[in-house]
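The next block holds one structure in the form of C-alpha coordinates; read it before the comments.
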Amino acid sequence: MNITVIGAGYVGLVQAVGLAEAGHVVRCVDVNVERVECLRRAEVPFFEIGLAEKLEANSAAGRLRFFSSLEDASRDFESVCVFVCVQTPSREDGSCDLSAVEAVMKEIGRVGLDCLVVVKSTVPPGLEEEMCGWLGTGGRLAANPEFLREGRAMEDFFAPDRIVIGVSSSRDEQVLRDVYAFLDVPIFVMSIASAQLTKYSANTMLAMRLSLMNELACIADVVGADIQDVERGIGSDTRIGSPFLRAGAGFGGSCFPKDVQALARVASTHGVESLLIQPIIEANIRQGMYFVEKADRLLGGISGKTIAVWGMAFNKNTDDVRESPAVRISQELLSRGAKLRVFDPEAMENAKKEIVSADVVWCDSKEVALEGVDALFVLTEWDEFLTADWERVAGAISGGLIFDGKNCLPRADVARAGFRVHGMGLWNA
Ligand code: NAD
Ligand code: UGA
(Lines give C-alpha, C1' and ligand atoms only; values in the text may rest on other atoms or scores of the structure.)
(Ligands and ions follow the chains in the order given, each with its own letter.)
Protein backbone atom coordinates (compact mmCIF):
# COMPACT_ATOMS: atom_id res chain seq x y z
CA MET A 1 0.00 0.00 0.00
CA ASN A 2 1.10 3.60 -0.57
CA ILE A 3 1.24 5.47 2.74
CA THR A 4 2.30 8.98 3.78
CA VAL A 5 3.64 9.72 7.25
CA ILE A 6 3.83 13.33 8.42
CA GLY A 7 6.40 14.08 11.13
CA ALA A 8 9.73 12.24 11.32
CA GLY A 9 10.22 12.37 15.09
CA TYR A 10 10.38 9.48 17.53
CA VAL A 11 6.91 8.25 16.53
CA GLY A 12 6.70 9.25 12.86
CA LEU A 13 10.08 7.91 11.86
CA VAL A 14 9.47 4.58 13.60
CA GLN A 15 6.06 4.39 11.89
CA ALA A 16 7.53 5.23 8.48
CA VAL A 17 10.47 2.83 8.76
CA GLY A 18 8.31 0.10 10.32
CA LEU A 19 5.63 0.29 7.62
CA ALA A 20 8.31 0.23 4.89
CA GLU A 21 9.95 -2.77 6.55
CA ALA A 22 6.53 -4.46 6.49
CA GLY A 23 6.43 -4.02 2.71
CA HIS A 24 4.44 -0.80 2.27
CA VAL A 25 5.70 2.06 0.11
CA VAL A 26 6.12 5.05 2.38
CA ARG A 27 6.73 8.75 1.90
CA CYS A 28 7.62 10.63 5.04
CA VAL A 29 7.32 14.41 5.36
CA ASP A 30 8.92 16.70 7.91
CA VAL A 31 9.11 20.51 7.92
CA ASN A 32 12.56 20.32 9.44
CA VAL A 33 14.69 20.53 6.29
CA GLU A 34 17.90 19.60 8.10
CA ARG A 35 16.22 16.48 9.47
CA VAL A 36 14.98 15.51 6.01
CA GLU A 37 18.48 15.92 4.54
CA CYS A 38 19.90 13.77 7.28
CA LEU A 39 17.25 11.07 6.66
CA ARG A 40 17.93 11.16 2.92
CA ARG A 41 21.51 10.20 3.77
CA ALA A 42 19.93 7.33 5.77
CA GLU A 43 21.13 8.83 9.05
CA VAL A 44 18.81 8.75 12.08
CA PRO A 45 18.68 12.19 13.73
CA PHE A 46 18.27 10.69 17.23
CA PHE A 47 19.24 7.48 18.99
CA GLU A 48 16.81 4.56 18.87
CA ILE A 49 18.00 0.96 18.82
CA GLY A 50 17.46 -0.94 15.57
CA LEU A 51 16.18 2.06 13.61
CA ALA A 52 19.33 2.94 11.63
CA GLU A 53 19.71 -0.46 9.95
CA LYS A 54 16.07 -0.58 8.86
CA LEU A 55 16.12 3.04 7.68
CA GLU A 56 19.10 2.28 5.48
CA ALA A 57 17.74 -1.00 4.11
CA ASN A 58 14.30 0.36 3.25
CA SER A 59 15.65 3.58 1.74
CA ALA A 60 18.00 1.52 -0.42
CA ALA A 61 15.13 -0.77 -1.45
CA GLY A 62 13.17 2.30 -2.63
CA ARG A 63 10.28 1.70 -0.22
CA LEU A 64 11.00 4.81 1.86
CA ARG A 65 11.56 8.40 0.78
CA PHE A 66 11.73 11.69 2.65
CA PHE A 67 10.33 15.11 1.76
CA SER A 68 10.18 18.52 3.35
CA SER A 69 6.80 19.39 1.81
CA LEU A 70 3.57 17.44 1.57
CA GLU A 71 3.01 18.83 -1.89
CA ASP A 72 6.26 17.32 -3.18
CA ALA A 73 5.62 14.03 -1.38
CA SER A 74 2.17 13.77 -2.95
CA ARG A 75 3.28 14.35 -6.52
CA ASP A 76 2.70 11.11 -8.52
CA PHE A 77 1.89 9.29 -5.28
CA GLU A 78 -1.64 8.42 -4.25
CA SER A 79 -1.74 7.37 -0.59
CA VAL A 80 -4.47 5.22 0.90
CA CYS A 81 -3.90 7.00 4.17
CA VAL A 82 -1.75 9.63 5.80
CA PHE A 83 -0.52 9.25 9.37
CA VAL A 84 -0.20 12.49 11.34
CA CYS A 85 2.68 12.07 13.81
CA VAL A 86 3.60 15.63 14.78
CA GLN A 87 4.25 16.87 18.32
CA THR A 88 1.45 17.82 20.75
CA PRO A 89 3.28 19.48 23.65
CA SER A 90 1.80 21.07 26.77
CA ARG A 91 0.67 24.65 26.77
CA GLU A 92 1.52 26.74 29.81
CA ASP A 93 -1.83 25.87 31.41
CA GLY A 94 -1.21 22.14 30.91
CA SER A 95 -3.64 21.75 28.02
CA CYS A 96 -2.58 20.11 24.77
CA ASP A 97 -1.09 22.42 22.14
CA LEU A 98 -2.63 21.25 18.88
CA SER A 99 -1.09 23.90 16.65
CA ALA A 100 1.21 21.46 14.78
CA VAL A 101 -1.70 19.06 14.19
CA GLU A 102 -3.89 21.93 13.00
CA ALA A 103 -1.19 23.12 10.59
CA VAL A 104 -0.78 19.62 9.15
CA MET A 105 -4.54 19.07 8.76
CA LYS A 106 -4.95 22.40 6.99
CA GLU A 107 -2.02 21.54 4.72
CA ILE A 108 -3.62 18.18 3.88
CA GLY A 109 -6.81 20.06 2.99
CA ARG A 110 -4.90 22.62 0.94
CA VAL A 111 -2.96 19.99 -1.01
CA GLY A 112 -6.30 18.21 -1.56
CA LEU A 113 -5.34 14.70 -0.45
CA ASP A 114 -8.33 12.43 -0.89
CA CYS A 115 -7.51 9.72 1.61
CA LEU A 116 -8.01 8.66 5.22
CA VAL A 117 -6.26 10.99 7.67
CA VAL A 118 -5.09 8.97 10.65
CA VAL A 119 -4.06 10.92 13.73
CA LYS A 120 -1.32 9.06 15.56
CA SER A 121 -0.30 12.10 17.61
CA THR A 122 -1.79 12.05 21.11
CA VAL A 123 -4.71 14.48 21.02
CA PRO A 124 -7.53 15.15 23.49
CA PRO A 125 -10.83 13.37 22.87
CA GLY A 126 -13.85 15.41 21.93
CA LEU A 127 -12.37 17.55 19.17
CA GLU A 128 -13.35 15.45 16.19
CA GLU A 129 -15.61 18.07 14.65
CA GLU A 130 -12.99 20.80 14.97
CA MET A 131 -10.36 18.57 13.36
CA CYS A 132 -12.63 17.65 10.45
CA GLY A 133 -13.12 21.40 10.01
CA TRP A 134 -9.35 21.84 9.67
CA LEU A 135 -9.29 19.18 6.94
CA GLY A 136 -12.07 20.86 5.02
CA THR A 137 -14.90 19.29 3.10
CA GLY A 138 -14.63 15.61 2.32
CA GLY A 139 -11.83 14.90 4.81
CA ARG A 140 -12.05 11.47 6.51
CA LEU A 141 -10.59 11.27 10.00
CA ALA A 142 -9.41 8.32 12.07
CA ALA A 143 -7.41 7.86 15.26
CA ASN A 144 -4.65 5.31 15.75
CA PRO A 145 -2.89 6.20 18.99
CA GLU A 146 0.67 5.05 19.50
CA PHE A 147 1.83 3.04 22.52
CA LEU A 148 5.55 2.61 21.78
CA ARG A 149 8.22 3.27 24.40
CA GLU A 150 11.36 5.17 23.54
CA GLY A 151 14.38 2.90 23.80
CA ARG A 152 12.27 -0.06 22.59
CA ALA A 153 10.38 1.61 19.79
CA MET A 154 11.15 -0.84 16.97
CA GLU A 155 10.46 -3.81 19.23
CA ASP A 156 7.13 -2.23 20.24
CA PHE A 157 6.27 -1.43 16.62
CA PHE A 158 6.64 -5.06 15.50
CA ALA A 159 5.21 -6.64 18.65
CA PRO A 160 2.67 -4.29 20.18
CA ASP A 161 0.24 -5.61 22.79
CA ARG A 162 -2.58 -4.32 20.61
CA ILE A 163 -3.58 -1.87 17.90
CA VAL A 164 -6.30 0.63 18.76
CA ILE A 165 -8.20 2.26 15.95
CA GLY A 166 -10.92 4.87 16.14
CA VAL A 167 -13.00 5.15 12.99
CA SER A 168 -16.40 6.32 11.82
CA SER A 169 -17.03 3.79 9.05
CA SER A 170 -16.29 0.17 8.20
CA ARG A 171 -14.53 1.39 5.05
CA ASP A 172 -12.02 3.32 7.18
CA GLU A 173 -11.68 0.37 9.55
CA GLN A 174 -10.74 -1.85 6.60
CA VAL A 175 -8.04 0.59 5.45
CA LEU A 176 -6.34 0.37 8.84
CA ARG A 177 -6.82 -3.40 9.09
CA ASP A 178 -5.05 -3.69 5.72
CA VAL A 179 -2.21 -1.40 6.85
CA TYR A 180 -1.59 -3.57 9.92
CA ALA A 181 -2.30 -6.94 8.28
CA PHE A 182 1.36 -7.92 8.81
CA LEU A 183 0.87 -7.93 12.60
CA ASP A 184 -0.67 -10.85 14.44
CA VAL A 185 -2.07 -8.88 17.38
CA PRO A 186 -5.55 -7.91 18.59
CA ILE A 187 -7.06 -4.89 16.86
CA PHE A 188 -9.60 -2.97 18.91
CA VAL A 189 -12.02 -0.92 16.84
CA MET A 190 -13.94 1.89 18.50
CA SER A 191 -15.08 5.46 18.07
CA ILE A 192 -12.48 8.17 17.50
CA ALA A 193 -13.12 9.68 20.95
CA SER A 194 -12.80 6.27 22.65
CA ALA A 195 -9.47 5.61 20.89
CA GLN A 196 -8.15 8.98 21.97
CA LEU A 197 -9.32 8.49 25.56
CA THR A 198 -7.78 5.01 25.56
CA LYS A 199 -4.39 6.58 24.82
CA TYR A 200 -4.66 9.14 27.62
CA SER A 201 -6.02 6.47 29.98
CA ALA A 202 -3.09 4.14 29.32
CA ASN A 203 -0.48 6.81 30.04
CA THR A 204 -2.37 8.11 33.06
CA MET A 205 -2.85 4.62 34.48
CA LEU A 206 0.87 3.85 34.07
CA ALA A 207 1.93 7.21 35.51
CA MET A 208 -0.44 6.80 38.47
CA ARG A 209 0.94 3.33 39.14
CA LEU A 210 4.48 4.74 39.19
CA SER A 211 3.56 7.67 41.42
CA LEU A 212 1.85 5.26 43.82
CA MET A 213 4.90 2.97 43.87
CA ASN A 214 7.14 6.00 44.46
CA GLU A 215 4.99 7.11 47.37
CA LEU A 216 5.07 3.57 48.78
CA ALA A 217 8.88 3.70 48.50
CA CYS A 218 8.88 6.82 50.68
CA ILE A 219 6.79 4.93 53.23
CA ALA A 220 9.13 1.92 52.97
CA ASP A 221 12.04 4.24 53.79
CA VAL A 222 10.52 5.38 57.06
CA VAL A 223 9.13 2.04 58.26
CA GLY A 224 12.24 0.04 57.35
CA ALA A 225 10.60 -2.01 54.58
CA ASP A 226 12.14 -2.81 51.19
CA ILE A 227 10.12 -1.62 48.21
CA GLN A 228 11.65 -4.27 45.92
CA ASP A 229 10.24 -7.00 48.17
CA VAL A 230 6.91 -5.16 48.12
CA GLU A 231 7.10 -4.97 44.30
CA ARG A 232 7.54 -8.74 44.13
CA GLY A 233 4.84 -9.30 46.70
CA ILE A 234 2.19 -7.31 44.87
CA GLY A 235 3.38 -7.93 41.31
CA SER A 236 2.72 -11.65 41.72
CA ASP A 237 -0.98 -10.87 42.19
CA THR A 238 -2.30 -11.49 38.68
CA ARG A 239 -4.82 -8.68 39.13
CA ILE A 240 -1.92 -6.26 39.61
CA GLY A 241 0.87 -7.75 37.45
CA SER A 242 4.58 -7.12 37.74
CA PRO A 243 5.53 -4.71 34.92
CA PHE A 244 5.85 -1.03 35.68
CA LEU A 245 6.19 -1.27 39.43
CA ARG A 246 9.80 -0.15 39.82
CA ALA A 247 9.96 2.78 42.21
CA GLY A 248 12.61 5.46 41.97
CA ALA A 249 13.28 9.18 42.08
CA GLY A 250 10.45 9.96 39.65
CA PHE A 251 9.57 9.11 36.09
CA GLY A 252 10.16 11.22 32.99
CA GLY A 253 9.75 11.32 29.25
CA SER A 254 8.00 13.52 26.76
CA CYS A 255 4.58 12.01 27.29
CA PHE A 256 3.55 10.94 30.80
CA PRO A 257 3.76 14.44 32.31
CA LYS A 258 2.16 16.22 29.35
CA ASP A 259 -0.57 13.64 28.75
CA VAL A 260 -1.57 13.40 32.40
CA GLN A 261 -1.84 17.18 32.58
CA ALA A 262 -3.76 17.35 29.31
CA LEU A 263 -6.27 14.76 30.59
CA ALA A 264 -6.72 16.76 33.79
CA ARG A 265 -7.49 19.77 31.58
CA VAL A 266 -9.98 17.77 29.49
CA ALA A 267 -11.76 16.83 32.73
CA SER A 268 -11.87 20.39 34.07
CA THR A 269 -12.91 21.86 30.70
CA HIS A 270 -15.91 19.54 30.72
CA GLY A 271 -16.73 20.26 34.36
CA VAL A 272 -15.54 16.90 35.70
CA GLU A 273 -13.89 17.33 39.08
CA SER A 274 -10.77 15.15 39.02
CA LEU A 275 -9.31 14.27 42.40
CA LEU A 276 -6.75 11.76 41.20
CA ILE A 277 -5.17 12.87 37.94
CA GLN A 278 -3.49 16.21 38.69
CA PRO A 279 -1.65 15.03 41.86
CA ILE A 280 0.12 12.30 39.84
CA ILE A 281 2.47 14.90 38.40
CA GLU A 282 2.87 16.88 41.62
CA ALA A 283 3.85 13.63 43.36
CA ASN A 284 6.37 12.93 40.61
CA ILE A 285 8.14 16.27 40.99
CA ARG A 286 8.16 15.88 44.78
CA GLN A 287 9.74 12.43 44.43
CA GLY A 288 12.88 13.85 42.82
CA MET A 289 13.16 16.49 45.55
CA TYR A 290 12.66 13.83 48.24
CA PHE A 291 15.57 11.89 46.74
CA VAL A 292 17.84 14.96 46.77
CA GLU A 293 16.81 15.75 50.37
CA LYS A 294 17.74 12.24 51.36
CA ALA A 295 21.14 12.56 49.67
CA ASP A 296 21.67 15.93 51.32
CA ARG A 297 21.10 14.38 54.74
CA LEU A 298 23.34 11.38 54.11
CA LEU A 299 26.14 13.50 52.65
CA GLY A 300 25.96 16.00 55.50
CA GLY A 301 25.09 18.74 53.00
CA ILE A 302 25.41 18.87 49.23
CA SER A 303 26.98 22.30 49.04
CA GLY A 304 30.66 22.09 48.09
CA LYS A 305 30.46 18.38 47.19
CA THR A 306 31.65 17.02 43.85
CA ILE A 307 29.20 14.48 42.47
CA ALA A 308 29.45 12.01 39.58
CA VAL A 309 26.18 11.72 37.66
CA TRP A 310 25.71 8.62 35.50
CA GLY A 311 22.78 9.06 33.15
CA MET A 312 20.86 11.98 31.70
CA ALA A 313 18.30 10.24 29.44
CA PHE A 314 14.83 9.63 30.89
CA ASN A 315 15.05 5.97 29.87
CA LYS A 316 17.88 3.69 28.88
CA ASN A 317 18.56 3.20 25.16
CA THR A 318 17.40 6.69 24.19
CA ASP A 319 19.09 10.08 23.85
CA ASP A 320 15.85 11.84 24.86
CA VAL A 321 16.10 14.05 27.95
CA ARG A 322 12.61 15.57 27.75
CA GLU A 323 11.24 15.81 31.33
CA SER A 324 14.10 13.59 32.45
CA PRO A 325 14.33 13.20 36.24
CA ALA A 326 18.12 13.10 35.75
CA VAL A 327 18.06 16.67 34.42
CA ARG A 328 15.71 17.82 37.19
CA ILE A 329 17.79 16.22 39.92
CA SER A 330 21.07 17.53 38.48
CA GLN A 331 19.67 21.05 38.40
CA GLU A 332 18.61 20.71 42.03
CA LEU A 333 22.08 19.44 43.03
CA LEU A 334 23.64 22.42 41.26
CA SER A 335 21.27 24.87 42.93
CA ARG A 336 22.35 23.39 46.29
CA GLY A 337 25.98 24.17 45.51
CA ALA A 338 27.30 20.87 44.12
CA LYS A 339 29.80 20.48 41.29
CA LEU A 340 28.87 17.73 38.83
CA ARG A 341 30.86 15.34 36.65
CA VAL A 342 28.35 13.97 34.15
CA PHE A 343 28.34 11.04 31.73
CA ASP A 344 25.62 9.49 29.56
CA PRO A 345 26.37 7.11 26.68
CA GLU A 346 23.97 8.82 24.22
CA ALA A 347 22.22 11.84 25.76
CA MET A 348 25.14 14.20 26.45
CA GLU A 349 24.44 16.60 23.60
CA ASN A 350 20.76 16.95 24.46
CA ALA A 351 21.56 17.30 28.17
CA LYS A 352 24.08 20.09 27.51
CA LYS A 353 21.23 22.16 26.06
CA GLU A 354 19.21 21.70 29.27
CA ILE A 355 21.96 22.17 31.85
CA VAL A 356 24.10 25.19 31.20
CA SER A 357 26.47 25.67 34.14
CA ALA A 358 30.15 26.28 34.76
CA ASP A 359 29.85 23.79 37.63
CA VAL A 360 29.36 20.84 35.28
CA VAL A 361 32.17 18.84 33.71
CA TRP A 362 30.91 16.74 30.79
CA CYS A 363 32.97 13.53 30.86
CA ASP A 364 33.90 11.06 28.12
CA SER A 365 33.23 7.94 30.13
CA LYS A 366 31.65 6.78 33.36
CA GLU A 367 35.13 6.14 34.76
CA VAL A 368 36.31 9.70 34.04
CA ALA A 369 33.16 11.02 35.75
CA LEU A 370 34.26 9.30 38.99
CA GLU A 371 37.53 11.21 39.35
CA GLY A 372 37.73 13.02 42.69
CA VAL A 373 34.05 12.78 43.61
CA ASP A 374 32.28 12.51 46.97
CA ALA A 375 29.30 10.60 45.66
CA LEU A 376 27.88 8.82 42.62
CA PHE A 377 24.30 9.37 41.44
CA VAL A 378 22.95 6.80 38.94
CA LEU A 379 19.98 8.42 37.23
CA THR A 380 19.43 6.31 34.08
CA GLU A 381 19.41 2.52 34.05
CA TRP A 382 21.84 2.04 31.12
CA ASP A 383 23.16 -1.57 31.03
CA GLU A 384 26.77 -0.33 31.18
CA PHE A 385 26.03 1.26 34.57
CA LEU A 386 24.39 -1.88 35.94
CA THR A 387 27.35 -4.01 34.90
CA ALA A 388 30.05 -1.58 36.10
CA ASP A 389 33.16 -2.95 37.76
CA TRP A 390 32.06 -2.17 41.34
CA GLU A 391 35.49 -2.91 42.84
CA ARG A 392 36.90 -0.23 40.54
CA VAL A 393 34.07 2.18 41.36
CA ALA A 394 34.64 1.56 45.05
CA GLY A 395 38.34 2.34 44.62
CA ALA A 396 37.58 5.57 42.78
CA ILE A 397 35.04 6.96 45.24
CA SER A 398 36.48 5.48 48.40
CA GLY A 399 34.57 6.89 51.36
CA GLY A 400 31.87 8.27 49.06
CA LEU A 401 28.24 7.28 48.72
CA ILE A 402 26.21 5.71 45.89
CA PHE A 403 22.69 7.00 45.16
CA ASP A 404 20.46 5.05 42.81
CA GLY A 405 17.60 7.15 41.44
CA LYS A 406 16.19 4.25 39.45
CA ASN A 407 16.48 1.45 42.04
CA CYS A 408 18.30 -0.40 39.28
CA LEU A 409 21.77 -1.26 40.60
CA PRO A 410 22.73 -4.83 41.51
CA ARG A 411 22.81 -4.30 45.27
CA ALA A 412 24.58 -7.59 46.06
CA ASP A 413 27.46 -6.80 43.65
CA VAL A 414 27.81 -3.28 45.04
CA ALA A 415 27.71 -4.64 48.59
CA ARG A 416 30.53 -7.09 47.77
CA ALA A 417 32.63 -4.04 46.85
CA GLY A 418 31.88 -2.70 50.33
CA PHE A 419 29.19 -0.14 49.45
CA ARG A 420 25.52 0.39 50.24
CA VAL A 421 23.15 1.57 47.55
CA HIS A 422 20.92 4.43 48.65
CA GLY A 423 17.82 4.33 46.49
CA MET A 424 14.15 4.94 47.15
CA GLY A 425 12.71 2.55 49.72
CA LEU A 426 15.69 0.19 49.61
CA TRP A 427 16.27 -1.40 52.98
CA ASN A 428 19.92 -2.12 53.62
CA ALA A 429 20.06 -4.44 56.59
P1 NAD B 1 8.81 14.77 17.94
O2 NAD B 1 8.87 16.14 18.45
O3 NAD B 1 9.95 13.83 18.15
O4 NAD B 1 8.53 14.77 16.36
C5 NAD B 1 7.59 15.59 15.74
C6 NAD B 1 8.09 15.85 14.31
O7 NAD B 1 7.04 16.49 13.57
C8 NAD B 1 9.30 16.79 14.25
O9 NAD B 1 10.34 16.20 13.50
C10 NAD B 1 8.75 18.06 13.58
O11 NAD B 1 9.70 18.73 12.78
C12 NAD B 1 7.64 17.46 12.73
N13 NAD B 1 6.63 18.46 12.32
C14 NAD B 1 6.09 19.45 13.07
N15 NAD B 1 5.19 20.14 12.34
C16 NAD B 1 5.17 19.59 11.09
C17 NAD B 1 4.47 19.86 9.90
N18 NAD B 1 3.58 20.86 9.81
N19 NAD B 1 4.71 19.10 8.82
C20 NAD B 1 5.61 18.09 8.88
N21 NAD B 1 6.32 17.78 9.99
C22 NAD B 1 6.09 18.51 11.09
O23 NAD B 1 7.48 14.13 18.57
P24 NAD B 1 7.23 12.59 18.96
O25 NAD B 1 7.90 12.28 20.24
O26 NAD B 1 7.46 11.74 17.76
O27 NAD B 1 5.66 12.64 19.27
C28 NAD B 1 4.72 12.82 18.24
C29 NAD B 1 3.33 12.53 18.80
O30 NAD B 1 3.24 11.16 19.22
C31 NAD B 1 2.97 13.35 20.04
O32 NAD B 1 1.60 13.63 20.02
C33 NAD B 1 3.27 12.41 21.19
O34 NAD B 1 2.48 12.68 22.33
C35 NAD B 1 2.88 11.08 20.60
N36 NAD B 1 3.58 9.92 21.16
C37 NAD B 1 4.92 9.98 21.40
C38 NAD B 1 5.57 8.85 21.89
C39 NAD B 1 7.05 8.87 22.19
O40 NAD B 1 7.53 7.92 22.78
N41 NAD B 1 7.79 9.88 21.80
C42 NAD B 1 4.86 7.66 22.09
C43 NAD B 1 3.49 7.64 21.81
C44 NAD B 1 2.85 8.78 21.34
C1 UGA C 1 5.44 5.81 27.73
C2 UGA C 1 4.49 4.61 27.63
O3 UGA C 1 5.09 3.48 28.28
C4 UGA C 1 4.21 4.28 26.17
O5 UGA C 1 3.24 3.22 26.10
C6 UGA C 1 3.65 5.52 25.47
O7 UGA C 1 3.47 5.27 24.09
C8 UGA C 1 4.62 6.69 25.63
O9 UGA C 1 4.86 6.92 27.05
C10 UGA C 1 4.09 7.96 25.07
O11 UGA C 1 2.90 8.17 25.00
O12 UGA C 1 4.98 8.73 24.72
P13 UGA C 1 8.03 6.23 27.34
O14 UGA C 1 7.75 7.48 28.10
O15 UGA C 1 8.70 6.33 26.02
O16 UGA C 1 6.66 5.44 27.09
O17 UGA C 1 8.92 5.24 28.22
P18 UGA C 1 8.58 4.28 29.46
O19 UGA C 1 9.38 3.05 29.29
O20 UGA C 1 7.14 4.14 29.70
O21 UGA C 1 9.24 5.10 30.69
C22 UGA C 1 8.69 6.31 31.17
C23 UGA C 1 9.34 6.65 32.49
O24 UGA C 1 8.88 5.79 33.52
C25 UGA C 1 10.87 6.54 32.49
O26 UGA C 1 11.43 7.62 33.18
C27 UGA C 1 11.12 5.25 33.24
O28 UGA C 1 12.36 5.18 33.87
C29 UGA C 1 9.99 5.28 34.25
N30 UGA C 1 9.64 3.95 34.80
C31 UGA C 1 9.22 2.97 34.00
C32 UGA C 1 9.76 3.75 36.16
O33 UGA C 1 10.14 4.66 36.92
N34 UGA C 1 9.45 2.52 36.67
C35 UGA C 1 9.01 1.51 35.90
O36 UGA C 1 8.71 0.41 36.45
C37 UGA C 1 8.90 1.74 34.52
Side-chain angles (χ1 to χ4, degrees), residues 4-16 28-36 38-39 45-46 48 66-70 73 82-90 96-108 119-124 144-153 156-157 160-162 164 196 199-200 202-207 209-211 213-214 217 231 235 242-260 262 284 287-288 311 313-318 320-326 328 379-381 405-408 424:
T4 299
V5 174
I6 304 183
Y10 288 90
V11 167
L13 188 58
V14 168
Q15 180 77 358
C28 182
V29 182
D30 201 294
V31 279
N32 183 334
V33 177
E34 223 174 279
R35 175 162 289 204
V36 169
C38 171
L39 289 164
F46 47 83
E48 185 61 56
F66 295 94
F67 298 84
S68 54
S69 96
L70 182 60
V82 39
F83 284 94
V84 178
C85 306
V86 297
Q87 69 275 16
T88 51
S90 289
C96 178
D97 179 351
L98 285 166
S99 53
V101 173
E102 180 178 351
V104 167
M105 302 286 228
K106 287 182 172 166
E107 181 66 0
I108 292 171
V119 179
K120 196 164 248 316
S121 297
T122 304
V123 300
N144 170 218
E146 178 56 64
F147 299 98
L148 65 75
R149 291 160 293 179
E150 286 180 29
R152 299 187 202 188
D156 284 348
F157 179 87
D161 290 333
R162 77 310 205 180
V164 170
Q196 291 164 338
K199 172 63 196 174
Y200 276 107
N203 275 3
T204 304
M205 181 75 80
L206 292 168
R209 192 171 157 101
L210 292 182
S211 272
M213 285 311 292
N214 289 339
E231 271 171 53
S242 57
F244 249 79
L245 287 181
R246 200 187 65 240
F251 58 79
S254 65
C255 291
F256 282 168
K258 88 170 168 66
D259 291 348
V260 171
N284 191 44
Q287 191 71 5
F314 82 93
N315 235 356
K316 71 171 180 178
N317 298 338
T318 178
D320 198 344
V321 300
R322 289 180 285 182
E323 300 284 338
S324 174
R328 233 173 9 245
L379 300 179
T380 311
E381 66 278 39
K406 290 282 184 186
N407 281 6
C408 63
M424 292 302 301

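Just so you know, ligand 1 is whichever comes first in the structure, and atom 1 is the first atom listed for that ligand. All residue numbers refer to positions in the sequence shown, counting from 1.
- The nearest protein atom to atom 44 (C) of ligand 1, hydrogens excluded, is given as Thr122 OG1, 3.6 Å; this is a heavy-atom distance.
- Here the heavy atom of the protein found nearest to atom 1 (P) of ligand 1 is Gly9 CA, 4.0 Å.
- When hydrogens are left out, the protein atom nearest atom 15 (O) of ligand 2 is Glu150 N, 2.8 Å; that is the closest non-hydrogen contact.
- Against a heavy-atom cut-off of under 4.0 Å, Gln87 is close to the following atoms of ligand 1: 2 (O), 5 (C), 6 (C), 7 (O), 10 (C), 12 (C), 13 (N), 14 (C).
- The shortest N or O to N or O distance between Glu146 and ligand 1 is not under 3.5 Å.
- In terms of polar-atom proximity, Leu148 is counted as a contact of ligand 2, with an N or O under 3.5 Å from an N or O of the ligand.
- Assignment of Leu210 to the shell around ligand 2 is supported, since a heavy atom sits closer than 4.0 Å.
- Scanning all protein heavy atoms for the shortest distance to atom 33 (O) of ligand 2 gives Arg246 O, 3.6 Å.
- For Arg149, the closest heavy-atom approach to ligand 1 does not fall below 4.0 Å.
- In Ser254, the part holding a heavy atom less than 4.0 Å from any atom of ligand 1 is the side chain.
- Of the N or O atoms in Lys199, one or more lie within a sub-3.5 Å distance of an N or O in ligand 2.
- Shortest contact from atom 29 (C) of ligand 1 to any protein heavy atom: Val86 O, 3.3 Å.
- In terms of polar-atom proximity, defined here as any N/O pair under 3.5 Å, Lys120 makes no such contact with ligand 1.
- Nearest residue to atom 6 (C) of ligand 1 from Val14, Asp30, Asp259 is Asp30 (criterion: closest heavy atom).
- For atom 27 (C) of ligand 2, the choice among Asp161, Asn315, Asp259 with the nearest heavy atom turns out to be Asn315.
- Taking a 4.0 Å cut-off on heavy atoms, Lys406 registers as neighbouring ligand 2.
- Proximity to Glu381 (heavy-atom distance under 4.0 Å) selects the following atoms of ligand 2: 28 (O).
- Looking at Phe314, Phe147, Phe244, Phe256 and measuring to atom 25 (C) of ligand 2, the nearest heavy atom belongs to Phe314.
- Within ligand 1, counting atoms from 1 as listed, the ones closer than 4.0 Å to a heavy atom of Arg35 are 9 (O).
- Side chains of Phe46 and Asp320 form no contact here, defined as non-hydrogen atoms less than 4.5 Å apart.
- Each of the following atoms of ligand 2 lies closer than 4.0 Å to a heavy atom of Phe251: 23 (C), 24 (O), 26 (O), 29 (C).
- Not a single heavy atom of Arg152 sits less than 4.0 Å from an atom of ligand 2.
- At a 4.0 Å heavy-atom cut-off, ligand 1 touches Cys255 through the side chain alone.
- Short contacts between ligand 1 and Val11, defined as distances under 4.0 Å to a heavy atom of the residue, involve ligand atoms 26 (O), 30 (O), 36 (N), 37 (C), 38 (C), 39 (C), 42 (C), 43 (C), 44 (C).
- Near Ile6, meaning under 4.0 Å from one of its heavy atoms, ligand 1 places the atoms 19 (N), 20 (C).
- Residue Val104 places no N or O, backbone or side chain, under 3.5 Å from any N or O of ligand 1.
- Residue contacts with ligand 1: Lys258 is included, with a non-hydrogen atom under 4.0 Å away.
- Taking only nitrogen or oxygen atoms, main chain and side chain alike, Lys199 does not reach within less than 3.5 Å of ligand 1.
- Heavy-atom proximity to Thr88, at under 4.0 Å, picks out these atoms of ligand 1: 31 (C), 32 (O), 34 (O).
- For atom 12 (O) of ligand 2, the nearest non-hydrogen atom of the protein is Cys255 SG, 2.5 Å.
- A side chain to side chain contact (heavy atoms under 4.5 Å, CB included) with Phe66 holds for exactly one of Val29, Asp30, Leu13; it is Leu13.
- Annotation: Asn32 places no N or O atom under 3.5 Å from an N or O atom of ligand 1; distance criterion only.
- Under 4.0 angstrom from ligand 1, the non-hydrogen atoms of Arg322 all belong to its side chain.
- At under 3.5 Å, not a single nitrogen or oxygen of Ser254, backbone or side chain, sits near a nitrogen or oxygen of ligand 2.
- Within the 4.0 Å heavy-atom criterion, both parts of Leu148, backbone and side chain, lie near ligand 1.
- Annotation: Arg149 places no N or O atom under 3.5 Å from an N or O atom of ligand 2; distance criterion only.
- Regarding atom 23 (C) of ligand 2, its nearest protein heavy-atom neighbour is Gly252 O, 3.5 Å.
- The proximity of Leu245 to ligand 2, defined as any non-hydrogen pair under 4.0 Å, is limited to the backbone.
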